There are 2 protein chains.
Amino acid sequence: MPHEAQKAIARQSLLLRSLPDQHVDTLLRQAIWRQYDRGETIFLQEEEAKAVHVVLAGWVKLFRISPTGAEAVVSVFTRGESFGEAVALRNVPYPVSAEAVSPCEVMHIPSPVLLSLMKEDPEIGVSILAATFTHLHSLVAQLEQLKAQTGAQRVAEFLLNLCDCDSGQCEVELPYDKMLIAGRLGMKPESLSRAFSRLKPIGVRIDRNHAGIADMDVLRNYAESDPSEK
Amino acid sequence: MPHEAQKAIARQSLLLRSLPDQHVDTLLRQAIWRQYDRGETIFLQEEEAKAVHVVLAGWVKLFRISPTGAEAVVSVFTRGESFGEAVALRNVPYPVSAEAVSPCEVMHIPSPVLLSLMKEDPEIGVSILAATFTHLHSLVAQLEQLKAQTGAQRVAEFLLNLCDCDSGQCEVELPYDKMLIAGRLGMKPESLSRAFSRLKPIGVRIDRNHAGIADMDVLRNYAESDPSEK
DNA sequence: GCTAGGACATGACAATTGTCAAGTTTGAGT
DNA sequence: ACTCAAACTTGACAATTGTCATGTCCTAGC
């Protein structure tokens, strides 16, 4: 039972925004609208994909549990972002699990609905590819970060991506748990704490309540400088 | 001027093998067939994508140069594998560069050809999504490795994926430079050397000529065990 | 056959990160 | 207001990895 506001968010999502209104209406009409509590599972790794998911509110994490039991966070999505496109259209098992990390509203588009619409208009395929490419690109960026930057530099880049403004002093508010941030950046919570300590000398001040300020230019310079110069 | 053998390899690629023969013929007829020397660039990061690429022979690496100048290897492709699908169909710039790391034969399918065929048959879109999903999946697997495994464990998994057999003693042949393997696994060449040393006690013996043997079961057990137990 | 350069191995050392073990802070529930 | 658990910080220590330097092996080119 979606509100108009929720529909508006869905329409603005990368997945749907370039499609003709008529198709979007069709999809929204047949979508499933659900709420999730913090910690609730949306789907599990190896489960077969039956829908594409669009986050309308809150935060959702995608993660993998390795054979050793360690959790690796793959990505974290919020309002207007979608995931599971490539998997849903092929009836293959999810390579990751999805869990709400805050109270969430999520729209599910059943894959048969998407597939049948795609047969009518191949443009749908392009939209799905667009969303999938965005994910590919963000994974590639993450790989580069992990392979070529230190922990503190990854934190600096994470803060940069959080802010709307792109230069000068900026207010920052961490969107979720530091434990989750640590996972997302591929480190232990203790290392994240130390990374924040290292950023203090360059003017980053974020207290326990997860808010603070930082200078974007200084951060960018730090993130892009050679690790061996420090 | 493709040989029949090359065409056969192209037909077996993940990208084309599930398409009707008629479409494959159309694509092969309009494809561009090229050779590359070791070290030659196939395309550069930020360049606009004009084609999808299918490797017919040799090895191609995709990599990014970070702002600091460090190179991060994203993936390495060989015979029957394709790349650039999601980018080519959207006229966006490549997020990575591509370079031949051995003498190569590569087939290029111009994106307009693919796009126009896709309008006739949406099934093409599904094939492209299939290939794109494979890349997504492999990037996710790589992220998990980097975030949850030690260097030596990543090497063990790399060796596992090289072999056809899945248990017992196996012959292994490293497909390319150790420098490149190190990049692919997110470490320095020196660390790779040390990782190989650590695998010696569990029966992995690979000499300078890049060939040797290893026990798959022992390797799998090593790769999946908790790093802290060692 | 000789030579030069690149790939690779190894040792010593420094920097980074994980691990373990305290302590503090915070917030939800009583 | 009190309590408890979880999130977070910090310190000490160990393990891993990067860096630098050196030496060996292999190969392409002369």
Side-chain angles (χ1 to χ4, degrees), chain A residues 37-39 59 61 66 68-73 101-103 145-156 174-200 204-212 222-223 225-230, chain B residues 37-39 59 61 66 68-72 101-103 145-156 174-200 204-212 222 225-230:
Chain A
D37 293 331
R38 178 190 161 107
W59 295 85
K61 80 169 168 187
S66 71
T68 77
E71 174 185 305
V73 178
V101 292
S102 76
Q145 281 195 326
L146 281 172
K147 289 183 176 177
Q149 292 187 306
T150 67
Q153 287 182 308
R154 298 202 294 276
V155 173
L174 303 184
Y176 38 78
D177 273 0
K178 289 197 179 173
M179 305 204 68
L180 180 53
I181 297 178
R184 168 56 243 279
L185 298 177
M187 45 183 142
K188 299 283 132 110
E190 292 96 327
S191 298
L192 180 63
S193 270
R194 294 187 184 113
F196 273 117
S197 310
R198 290 207 196 173
L199 295 180
K200 270 182 197 161
V204 179
R205 179 74 203 169
I206 294 180
D207 26 15
R208 296 247 186 186
N209 45 335
H210 287 193
Y222 182 89
S225 67
D226 195 309
S228 63
E229 292 170 14
K230 305 206 181 65
Chain B
D37 292 333
R38 179 191 161 107
W59 294 86
K61 79 168 168 189
S66 72
T68 78
E71 174 185 306
V101 291
S102 75
Q145 282 195 326
L146 281 171
K147 289 183 175 176
Q149 291 187 306
T150 67
Q153 287 181 309
R154 299 202 293 277
V155 174
L174 303 184
Y176 38 78
D177 274 1
K178 288 197 180 173
M179 305 204 67
L180 180 53
I181 297 178
R184 168 54 243 280
L185 297 177
M187 46 182 141
K188 299 283 131 121
E190 293 95 328
S191 298
L192 180 63
S193 270
R194 293 188 184 112
F196 273 117
S197 309
R198 289 207 196 173
L199 296 180
K200 270 183 198 162
V204 179
R205 179 74 204 170
I206 294 181
D207 27 15
R208 295 246 186 184
N209 45 334
H210 287 192
Y222 183 89
S225 67
D226 195 308
S228 63
E229 292 170 15
K230 307 209 178 63

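These numbers were taken from a predicted model, which means no experiment stands behind them. Residue numbers start from 1 in every chain, and the chains themselves are labelled A, B, ... in the order their sequence lines are given, proteins ahead of strands.
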**Q** What distance do B:Arg194 atom CZ and B:Lys188 atom NZ have between them, rounded to the nearest 0.5 Å?
**A**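 One gets 12.5 Å once the value is rounded to the nearest 0.5 Å.
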**Q** Starting at CD1 of A:Ile206 and ending at P of D:dT9, how long is that distance when rounded to a whole Å?
**A**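 The answer, rounded to whole Å, is 10 Å.
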**Q** For the helix from C:dG1-D:dC30 to C:dT30-D:dA1, what angle separates the axis at the start from the axis at the finish, each from five pairs, in steps of 10°?
**A**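 About 40° separates the two local helix axes.
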**Q** CG of B:Leu174 versus P of C:dA7: gap in Å, rounded?
**A**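 Between P of C:dA7 and CG of B:Leu174: 15 Å.
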**Q** Can you give me the closest heavy-atom contact between A:Ala152 and A:Ala195, atom names plus distance?
**A**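 Nearest heavy atoms, A:Ala152 then A:Ala195: CA-CB, 3.9 Å.
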**Q** Give a yes/no answer on whether the side chain of B:His210 brings an N or O atom under 4.0 Å of OP1 or OP2 in C:dC8.
**A**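 Checking C:dC8 against B:His210, a side-chain N or O does come within under 4.0 Å of OP1 or OP2.
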**Q** Measuring from the side chain of B:Met187 (C-beta onward, heavy atoms only), which nucleotide among D:dC8, D:dG18, C:dG18 has the closest atom?
**A**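 Comparing D:dC8, D:dG18, C:dG18 against the side chain of B:Met187, the answer is D:dG18.
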**Q** For A:Gly151 and for B:Met179, find the nucleotide of DNA chain C with the closest heavy atom, then tell me which residue's nucleotide is more 5'.
**A**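 The 5'-side residue here is B:Met179.
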**Q** Measure CG/A:Leu199 against P/C:dT16 and give the value in whole Å, please.
**A**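 So the CG-P distance, A:Leu199 to C:dT16, works out to 13 Å.
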**Q** Of the nucleotides C:dG18, C:dA7, D:dT9, which has the atom closest to the A:Lys188 side chain?
**A**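 The closest nucleotide is C:dG18.
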**Q** Looking at every heavy atom in both A:Leu174 and A:Lys178, which two are closest together, and how far apart are they?
**A**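 Residues A:Leu174 and A:Lys178, closest heavy atoms: CD1-CE, 3.6 Å.
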**Q** Return the CG to CD1 distance between A:Leu192 and A:Ile181, rounded to the nearest 0.5 Å.
**A**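 The CG atom of A:Leu192 sits 6.5 Å away from the CD1 atom of A:Ile181.
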**Q** Just how far, in rounded Å, is C1' of D:dA6 from CG of A:Leu180?
**A**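 From A:Leu180 CG to D:dA6 C1': 15 Å.
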**Q** Over how many whole Å does the gap from B:Arg38 atom CZ to D:dA28 atom P extend?
**A**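 The distance from CZ of B:Arg38 to P of D:dA28 comes to 11 Å, rounded to the nearest Å.
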**Q** Identify the pairs formed between an N or O of the protein and an N or O of nucleotides 10-12 of chain C at a distance under 3.5 Å, and give each distance.
**A**
from	atom 1	to	atom 2	distance (Å)
C:dG11	N7	B:Arg194	NH2	3.4
C:dG11	O6	B:Arg194	NH2	2.9
C:dA12	N6	B:Arg194	NH2	3.0

**Q** Can you measure from CG (B:Asp177) to CZ (B:Arg184) and round to the nearest 0.5 angstrom?
**A**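 If we round to the nearest 0.5 Å, B:Asp177:CG and B:Arg184:CZ are 15.0 Å apart.
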**Q** Please round to the nearest 0.5 Å and tell me the distance separating atom CD of A:Gln153 and atom CD of A:Gln145.
**A**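 One gets 9.5 Å once the value is rounded to the nearest 0.5 Å.
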**Q** If you look at every heavy atom in A:Lys147 and B:Ala72, which pair is closest and at what distance?
**A**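 Heavy-atom minimum between the residues: CB-CB, 4.1 Å.
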**Q** A:Tyr176 OH to D:dA7 P: how many Å, rounded?
**A**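 Rounding to the nearest Å, OH of A:Tyr176 and P of D:dA7 are 16 Å apart.
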**Q** In whole angstrom, what separates B:Gln153's CD from D:dT16's C1'?
**A**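 That distance rounds to 12 Å.
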**Q** Which atom pair, heavy atoms only, marks the closest approach of A:Lys61 to A:Leu180?
**A**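 Residues A:Lys61 and A:Leu180, closest heavy atoms: CD-CD1, 3.8 Å.
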**Q** Do B:Thr150 and B:Arg198 touch side chain to side chain, with heavy atoms closer than 4.5 Å?
**A**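 Sidechains of B:Arg198 and B:Thr150: no contact.
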**Q** Starting from C1' on C:dA7, measure out to CD1 on B:Ile181 and report it in whole angstrom.
**A**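 Distance check: B:Ile181 CD1 to C:dA7 C1' gives 12 Å.
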